[in-house]
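A, B, ... follow the sequence lines: proteins, then strands. Residue 1 opens every chain.
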Number of protein chains: 2
Amino acid sequence: MMQEMSPDLIRTFAALSDPVRMATIARLAEGPAAVGELAEPFSLSPAGFSKHLQVLQAAGLVTKKLDGRRHICSLQPEPLKAAYDWLGFYQNFWSGTLDHLEAFLESDQGNQDSDKKTGL
Amino acid sequence: MMQEMSPDLIRTFAALSDPVRMATIARLAEGPAAVGELAEPFSLSPAGFSKHLQVLQAAGLVTKKLDGRRHICSLQPEPLKAAYDWLGFYQNFWSGTLDHLEAFLESDQGNQDSDKKTGL
DNA sequence: GATTTATTTCGCTAAATAGTTAAATATTCG
DNA sequence: CGAATATTTAACTATTTAGCGAAATAAATC
């Protein structure tokens with residue numbers, strides 16, 4: 001078995017690997033906001049912040065809608081969920097007494113959606 | 001309230017944002033392996049793969065122990081768990097009927113360690 | 001002890017990223 | 001319409017990252 005490692009997931013992790021972008025996501029989780037409001041906490045030029053926003057949009061983490069001359073940004077949950085699920089696969093690895101996933105992968109739980117060979 | 005965004009987390013997400021490194025983590029979840037074995041699936045020079053391993057080690061995701069001339073790599077769960085937990089904070093954002101976290105943040109659950117202003 | 005195997009470090013190049021300032025595009029307001 | 005506001009795009013520079021081949025280190029084997 002092998003976990004999916006889509007370009008989308010890669011882009012999501014890349015988008016998350018920056019403090020400005022992580023903080024922006026945290027802020028947007030509290031509700032939509034205009035670009036200027038989002039940029040305020042950072043000592044960045046507007047153009048510099050705009051680029052971070054582009055990275056977040058390219059990853060599908062943020063969408064924008066226009067409200068007059070302001071661009072209102074909203075957080076999109078799907079990519080976060082996908083990243084969460086990818087990492088969640090390794091839950092057994094860190095949460096249990098297992099040193100690695102072997103035991104899990106050979107368990108009923110680990111086999112339930114992969115090796116349905118019992119019926120063949 | 002504001003989620004923690006440590007340099008460690010940043011490094012973890014950066015380490016995850018590459019297909020070679022993601023696949024290597026997936027492989028290591030099945031159990032420890034030597035560098036050469038890990039490198040095999042990729043068309044990379046040994047030096048090239050070694051650098052990816054350095055990134056994973058710098059993020060604390062992989063540790064090595066020596067077995068003769070072979071370097072045995074093991075996956076370390078802590079950084080994965082930290083990333084999982086950071087993303088898990090937004091679970092309410094994607095899993096529920098909420099458009100954003102406001103409702104959660106104003107709930108008992110959301111208030112339990114943040115705005116204890118009821119007593120002021 | 002010379003050779004082979006496993007891996008890293010070094011020195012380099014090419015490409016991607018993060019930041020800047022200046023100019024461009026809309027939109028609102030007087 | 002002209003000035004101000006909000007934001008992006010363009011052009012550029014500096015830094016980081018990803019890759020390579022060659023050399024270095026270390027252990028195993030003959």
Side-chain angles (χ1 to χ4, degrees), chain A residues 5-25 27-28 31-76 79, chain B residues 5-25 27-28 31-76 79:
Chain A
M5 297 167 308
S6 66
D8 282 6
L9 245 188
I10 306 280
R11 255 190 303 273
T12 299
F13 283 131
L16 290 169
S17 67
D18 176 278
V20 169
R21 294 191 297 256
M22 275 181 66
T24 299
I25 287 169
R27 164 63 191 79
L28 282 176
V35 173
E37 186 187 343
L38 291 171
E40 207 205 319
F42 311 107
S43 23
L44 269 181
S45 65
F49 186 76
S50 186
K51 282 200 185 175
H52 281 297
L53 231 34
Q54 275 169 194
V55 173
L56 290 169
Q57 286 183 98
L61 282 160
V62 166
T63 53
K64 279 189 266 195
K65 77 167 207 273
L66 294 178
D67 172 30
R69 57 191 161 183
R70 303 187 316 147
H71 300 204
I72 307 296
C73 303
S74 302
L75 186 57
Q76 295 304 123
Chain B
M5 298 166 309
S6 65
D8 282 5
L9 246 189
I10 306 280
R11 254 190 302 274
T12 299
F13 283 130
L16 290 169
S17 68
D18 177 278
V20 169
R21 295 191 296 258
M22 276 182 65
T24 299
I25 286 169
R27 164 62 191 80
L28 282 176
V35 174
E37 186 187 341
L38 291 171
E40 206 205 320
F42 310 107
S43 23
L44 270 180
S45 66
F49 187 76
S50 187
K51 280 200 186 175
H52 281 297
L53 231 33
Q54 275 170 195
V55 173
L56 291 169
Q57 285 182 99
L61 283 160
V62 165
T63 53
K64 280 190 266 193
K65 78 168 208 275
L66 295 177
D67 171 30
R69 59 190 160 182
R70 303 187 316 148
H71 300 204
I72 307 295
C73 302
S74 302
L75 185 58
Q76 295 304 121

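In this structure, the CG atom of B/Leu66 is 10 Å from the C1' atom of C/dT7, given to the nearest Å. In this structure, CD of A/Gln57 is placed 11 Å from C1' of D/dT7, rounded to the nearest angstrom. Here D/dT8 presents its P atom at 10 Å from CG of A/Leu38, a figure rounded to the nearest Å. Between the P atom of D/dT5 and the CD atom of A/Glu37 lies a distance of 18 Å, rounded to the nearest Å. We find that CG of B/Leu56 is positioned 12 Å from P of C/dT8, with the value rounded to whole Å. We find that CD1 of A/Ile10 is positioned 11 Å from P of D/dA18, with the value rounded to whole Å. Separating the CD1 atom of A/Ile72 from the P atom of C/dT27 is a distance of 14 Å, rounded to the nearest angstrom. Rounded to whole Å, atom P of C/dA15 lies 17 Å from atom CG of B/Asp18.
Side-chain proximity of B/His71 to C/dT5, D/dT8, C/dT8: nearest is C/dT8. Distance from the side chain of A/Ser50 is smallest for D/dT8 among the nucleotides D/dT8, C/dT20, C/dA18.
If you find the closest nucleotide of DNA chain C to A/Val55 and to A/Gly68, the one lying nearer the 5' end belongs to A/Val55. For the pair A/Ser17 and B/Ala47, both in contact range of DNA chain C, the more 5′-proximal nearest nucleotide belongs to B/Ala47. Between A/Pro46 and A/Arg69, the residue anchored nearer the 5' end of DNA chain D, judged by the nucleotide with its closest heavy atom, is A/Arg69.
A donor-acceptor pair is defined here as one N or O able to donate and one able to accept, closer than 3.5 Å; such a pair exists between the side chain of B/Thr24 and the backbone of B/Val20. Put simply, the side chain of B/Arg27 never gets that close to the backbone of B/Ala39: no donor and acceptor are under 3.5 Å apart.
A close approach under 4.0 Å does not occur between any side-chain nitrogen or oxygen of B/Ser45 and OP1 or OP2 of D/dG19. Dashed line: the shortest gap from a side-chain N or O of B/Lys51 to OP1 or OP2 of D/dC20 is not under 4.0 Å. Here A/Arg70 does not reach the OP1 or OP2 of C/dA26: none of its side-chain N or O atoms lies under 4.0 Å away. Residue B/Lys64 places no side-chain N or O under 4.0 Å from the OP1 or OP2 atom of C/dT7. Here B/Gln54 reaches the OP1 or OP2 of C/dT9: one of its side-chain N or O atoms lies under 4.0 Å away. Residue B/His52 places at least one side-chain N or O closer than 4.0 Å to OP1 or OP2 of D/dG19.
Across all strands, B/Gly36 comes closer than 4.0 Å only to sugar-phosphate atoms, never to a base (heavy-atom distances). The residue B/Leu53 sits apart from the nucleic acid: no heavy atom pair falls under 4.0 Å. Nucleic acid contact for B/Ala34: sugar-phosphate only, since backbone atoms but no base atoms lie under 4.0 Å from a heavy atom of the residue.
Residues A/Val35 and A/Ser50 fail the side-chain proximity criterion, which asks for heavy atoms closer than 4.5 Å. A heavy-atom distance below 4.5 Å is found between the side chains of A/His71 and A/Leu66.
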Please walk me through it: do A/Arg70 and A/Glu37 pass salt bridge (Lys or Arg N to Asp or Glu O under 4.0 Å)? CA-CA 10 Å; A/Arg70 303 187 316 147; A/Glu37 186 187 343; 5.4 Å; no
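Between B/Met5 atom CE and A/Arg21 atom CZ the span is 12.5 Å, to the nearest 0.5 Å.
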